[in-house]
Engineer: 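My structure is below; once you've seen it, I'll send some questions.
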Amino acid sequence: MSGKPPRRLIAALVIIPFLFMLFVYLFYREEETERPQQLFVTTPGYVEMCLNCHQDVHLDAAHDSRVVGCSPCHLGDALAIDKDRAHRGMVLNPGDLRVVEKTCGVEGCHPADPHKVKNSLMATNRGILSTLLYYWGERDTQDADITVEQLLKSGETSLALDYFRKLCATCHLWKQKNDMPEAPAFFNEKGGGCTACHSVPAKGSGKTATLESMAAEIQPPAKKKKKPHPLIIKKIPEENCIRCHNRSGRIGISYTGIFESEGYGTPYKKGHLSANRLPGNRFYLKIAEDIHHKKKMACIDCHTREEVMGNGTSYAHYEEQLEIGCTVCHSIAPGVTRKGNKLTNVKKEKDHYILVGRNNNKHYPLKPPLPASCLYPGHKRLTCESCHSTWVPQCYGCHAKRDKRETHLDKLTLKETKGWWEEGRSYIRYEKPMLAVWGKKVVIVTPGCQDVVTLIDEKGKVKGGFNRFTMAAISPHTTQEKGRDCADCHRSPKTLGLGTGTVAKKNGTWKFTPVDQGVETLNGKTVGFDNFVTIDGKPLQHGSRKNLRPFNGNELHRILRVGLCLRCHKTYDDPAYRNYDPRRPCPVYKEP
């Protein structure tokens with residue numbers, strides 16, 4: 001007979017202590033677990049134990065936690081009473097485009113919107129990316145189907161894409177909020193998918209969305225006290241739009257009457273630099289705000305839902321996604337967009353139309369254009385903004401340098417990679433917006449961009465570079481009730497695209513003398529930053545679209561000839577301009 005103990009005895013000696021320890025553990029956990037006094041149930045009847053801890057969350061009626069709960073938005077385990085289990089799989093920002101189909105986009109909430117938003121220009125950045133690649137010679141067309149989402153998945157890069165990743169890639173909806181803790185608040189508040197537009201800080205959170213808060217260079221330290229839940233809103237404040245729309249075209253800050261000035265910090269205040277600063281330590285001046293902003297109109301009063309959020313189509317450029325224009329409201333029968341959609345906030349009251357403010361519910365009467373001035377036959381090609389936008393930011397000379405001796409943060413991967421980018425400009429102005437022809441219309445153009453690119457290698461030596469000067473069409477969002485006077489176009493070489501300087505006619509020939517003598521480009525040519533065209537109509541810079549061009553020679557001469565007439569015939573309603581023929585000589589004035 002063997003001296004070994006029976007197998008059953010061995011098993012019992014192992015299992016019994018294990019069961020005892022398990023019992024002790026379960027007993028201890030049960031004693032230590034604080035069970036809620038009640039079962040928390042939402043109004044529709046779903047168990048939502050999150051409310052055991054988060055009873056003080058206050059949102060709008062549509063997202064009230066007592067109705068919706070927490071888990072439909074933030075995921076996690078709604079039945080768990082243990083914090084760790086409850087938070088497992090939870091997302092902090094339900095609007096993040098990486099998870100939005102499981103949160104905002106579920107059936108019963110907003111199922112059609114994720115697809116639209118992901119294909120919108122604010123998410124794809126397709127126009128920015130394809131145009132940059134085309135300008136820098138890396139694509140044959142500026143309509144390339146390339147998006148931020150693709151770059152996130154593929155990791156594709158190039159010289160142009162490296163520039164985008166490091167200097168441009170914080171203004172898109174794929175960016176996650178607060179993903180750069182060591183960066184200024186201005187960068188961390190951007191992005192967030194749906195919440196980029198549809199959330200605002202709760203009162204008492206210590207956060208604001210003003211220009212002053214965005215200009216803070218240091219992210220405020222996180223406070224230990226419990227932060228109130230951000231508010232989910234459908235009344236989008238202009239601050240949410242300006243968070244991104246304050247660089248490049250600068251239409252957000254232009255709308256509010258803010259002009260990013262030169263870096264001089266003037267006018268000085270008590271002997272010190274101006275306190276008026278934008279994000280990036282940019283000084284600004286306060287000048288004429290847009291007439292619509294002056295009347296307290298928000299961005300969403302004009303811009304439609306599908307225009308901003310997208311309609312599901314991946315457009316290449318903004319003009320394709322854009323629905324509204326001045327005549328959508330200022331016409332005899334307003335309220336229908338360029339795509340045939342009706343504006344839900346334009347209504348008819350008795351014998352006139354009104355626009356209802358989406359944020360303030362204020363009624364704005366819609367006035368049709370004045371027949372005498374706006375519908376003057378000689379101005380048939382003019383867009384409304386070409387006359388009524390009296391100023392526009394004009395950033396001349398975009399100097400970009402990449403230095404391979406240093407690294408720079410890739411804003412998509414959040415990793416430091418080789419190649420430090422530094423950007424500067426020659427000068428910035430706002431007076432006398434330049435006009436050009438886009439298709440069949442006269443529009444405002446501004447530098448966009450005048451790239452002067454320099455490449456530095458690992459040894460600190462200049463290893464190539466290139467220049468590309470471009471003028472781009474823009475709707476400045478600086479509309480004024482009174483339009484530009486006749487002389488501001490017909491007697492201004494700057495407005496006509498010739499540049500700053502003097503223009504004169506001698507012996508029947510027009511001559512232009514520029515103030516800016518220009519910069520020598522890599523191909524040996526000398527081009528002035530504000531010289532879009534010669535007096536004979538020869539283009540000196542690229543247009544941002546194939547059918548965007550400066551005035552040709554014939555157009556320039558006709559416009560300037562009216563300028564000669566303005567010495568005596570100062571207004572458009574003068575009888576001299578009836579049935580005007582530029583070939584007809586003046587019976588009084590002898591032209592030079």
Engineer: Between K175 and F187 (side chain of the first, backbone of the second, donor and acceptor by atom type, cut-off under 3.5 Å), is there such a pair?
Structural biologist: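 Side chain of K175 to backbone of F187: a pair is present.
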
Engineer: Any side-chain heavy atom of R425 sitting closer than 4.5 Å to one from E262?
Structural biologist: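 With C-beta onward as the side chain, the pair touches.
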
Engineer: For T337 and K339, indicate whether the former's side chain and the latter's backbone hold a donor-acceptor pair under 3.5 Å.
Structural biologist: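 Indeed, once roles are kept as given, a pair shorter than 3.5 Å links the two residues.
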
Engineer: Could you tell me whether the side chain of T478 and the main chain of W391 form a donor-acceptor pair under 3.5 Å?
Structural biologist: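 The answer is yes, because a donor-acceptor pair under 3.5 Å joins these two groups.
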
Engineer: Between N188 (side chain) and M180 (backbone), is there a donor-acceptor pair under 3.5 Å?
Structural biologist: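 A pair under 3.5 Å: yes.
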
Engineer: With rounding to the nearest 0.5 Å, note down the distance linking CD in Q321 to CD in E306.
Structural biologist: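 Reported to 0.5 Å precision, the distance equals 9.5 Å.
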
Engineer: Taking all heavy atoms of C73 and all of V68, pick out the closest pair and write down the distance.
Structural biologist: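 Here C73 and V68 meet closest at SG-CG1, 4.4 Å.
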
Engineer: Give a yes or no on whether N547 atom CG has more than 12 heavy-atom contacts from other residues, nucleotides or ligands under 6.0 Å away.
Structural biologist: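 Yes.
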
Engineer: Mind checking whether W136 and Y163 have parallel, tilted or perpendicular rings, split at 30° and 60°?
Structural biologist: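 Geometry flag for Y163 against W136: tilted rings.
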
Engineer: Are there more than 12 heavy atoms of other residues, nucleotides or ligands under 6.0 Å from atom NZ of K116?
Structural biologist: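 Buried by this count: over 12 neighbours within 6.0 Å.
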
Engineer: More than 12 heavy atoms of other residues, nucleotides or ligands under 6.0 Å from OH of Y430: yes or no?
Structural biologist: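 No, because the 6.0 Å sphere around OH of Y430 holds 12 heavy atoms or fewer from other groups.
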
Engineer: With distance as the sole test, does E48 use its side chain to make a donor-acceptor pair with the main-chain N or O of C70 at under 3.5 Å?
Structural biologist: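 Here the side-chain-to-backbone pair exists.
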
Engineer: Within a 6.0 Å radius of atom CZ on R85, are there more than 12 heavy atoms belonging to other residues, nucleotides or ligands?
Structural biologist: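 No - once you tally the heavy atoms of other residues, nucleotides and ligands closer than 6.0 Å, there are 12 at most.
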
Engineer: At what distance, to the nearest 0.5 angstrom, does CD1 of I456 lie from CD of E458?
Structural biologist: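 If I round to the nearest 0.5 Å, the distance is 11.0 Å.
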
Engineer: Would the distance check show the side chain of H74 and the main-chain N or O of V91 forming a donor-acceptor pair, the cut-off being under 3.5 Å?
Structural biologist: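 Answer holds: yes.
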
Engineer: Just wondering, do T256 and E289 contact through their side chains at under 4.5 Å, heavy atoms?
Structural biologist: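 Side-chain contact under 4.5 Å: no.
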
Engineer: Run the numbers on D403 and R405 for salt bridge (Lys or Arg N to Asp or Glu O under 4.0 Å), then give the verdict.
Structural biologist: CA-CA 5 Å; D403 191 335; R405 292 173 296 178; 2.7 Å; yes

Engineer: Tell me whether the count of non-hydrogen atoms from other residues, nucleotides or ligands lying under 6.0 Å of NZ in K234 goes above 12.
Structural biologist: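 Open.
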
Engineer: CZ of R250 to NE2 of H245: how many Å apart, nearest 0.5 Å?
Structural biologist: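 Nearest 0.5 Å value for the CZ-NE2 distance: 14.0 Å.
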
Engineer: Salt-bridge test for E149 and K153: reply yes if a basic N is under 4.0 Å from a carboxylate O, no otherwise.
Structural biologist: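 Salt bridge between E149 and K153, a charged N being under 4.0 Å from a carboxylate O: yes.
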
Engineer: Can a donor-acceptor pair be found, under 3.5 Å and without considering hydrogens, that links the side chain of N246 to the backbone of R243?
Structural biologist: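 At least one qualifying donor-acceptor pair exists.
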
Engineer: Are the side chains of T446 and I444 in contact, using a 4.5 Å heavy-atom criterion?
Structural biologist: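 No, their side chains stay 4.5 Å or more apart.
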
Engineer: Got a second to check how far R429's CZ is from D530's CG, nearest 0.5 Å?
Structural biologist: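 Going from CZ on R429 over to CG on D530, the span is 9.5 Å.
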
Engineer: Determine whether the side chains of N93 and T195 contain a donor N or O and an acceptor N or O closer than 3.5 Å.
Structural biologist: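 Side-chain D/A pair, N93 to T195: present.
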
Engineer: Say whether, by atom type as modelled, one donor and one acceptor occur between the side chain of N467 and the main chain of V452 under 3.5 angstrom.
Structural biologist: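 Between the backbone of V452 and the side chain of N467 there is no qualifying donor-acceptor contact (under 3.5 Å).
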
Engineer: Apply the test side chain to side chain donor-acceptor pair (under 3.5 Å) to residues N240 and H198: give CA-CA distance (whole Å), side-chain angles for both, the deciding distance (0.1 Å), then the verdict.
Structural biologist: CA-CA 8 Å; N240 284 18; H198 290 285; over 6 Å; no

Engineer: Assess, by modelled atom type and distance only, whether the side chains of H399 and S426 contain a donor and an acceptor separated by less than 3.5 Å.
Structural biologist: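 Judged by distance alone, the side chains do pair up.
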
Engineer: For the backbone of A473 and the side chain of R545, can you confirm whether one donor and one acceptor N or O come within less than 3.5 Å of each other?
Structural biologist: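 No.
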
Engineer: Under a 3.5 Å threshold, yes or no: a donor from one side chain and an acceptor from the other, between T417 and K166?
Structural biologist: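 A pair is found: one side chain offers a donor N or O, the other an acceptor, under 3.5 Å apart.
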
Engineer: Do the side chains of D451 and R468 get close enough for a salt bridge, i.e. N-O under 4.0 angstrom?
Structural biologist: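 R468 and D451: not salt-bridged.
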
Engineer: Can you see whether N125 engages W174 through a side-chain donor-acceptor pair at a distance of less than 3.5 angstrom?
Structural biologist: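 There is no such pair (donor and acceptor under 3.5 Å, judged by atom type) between the side chains of N125 and W174.
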
Engineer: Taking the inter-plane angle between the rings of H303 and H477 on a 0 to 90° scale, is it parallel (under 30°), tilted (30 to 60°) or perpendicular (over 60°)?
Structural biologist: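 Answer is parallel, since the angle falls under 30°.
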
Engineer: Counting heavy atoms not belonging to L92, are there more than 12 under 6.0 Å from its CG?
Structural biologist: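 Not buried by this count: 12 neighbours or fewer within 6.0 Å.
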
Engineer: Ring centres under 6.0 Å, that's the criterion: do F469 and F529 meet it?
Structural biologist: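 Under 6.0 Å, so yes.
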
Engineer: Does atom OH of Y46 have more than 12 heavy-atom neighbours from other groups under 6.0 Å away?
Structural biologist: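 Open: at most 12 neighbouring heavy atoms sit under 6.0 Å from OH of Y46.
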
Engineer: So, N345 side chain and R358 main chain: donor-acceptor pair closer than 3.5 Å or not?
Structural biologist: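 Here the side-chain-to-backbone pair does not exist.
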
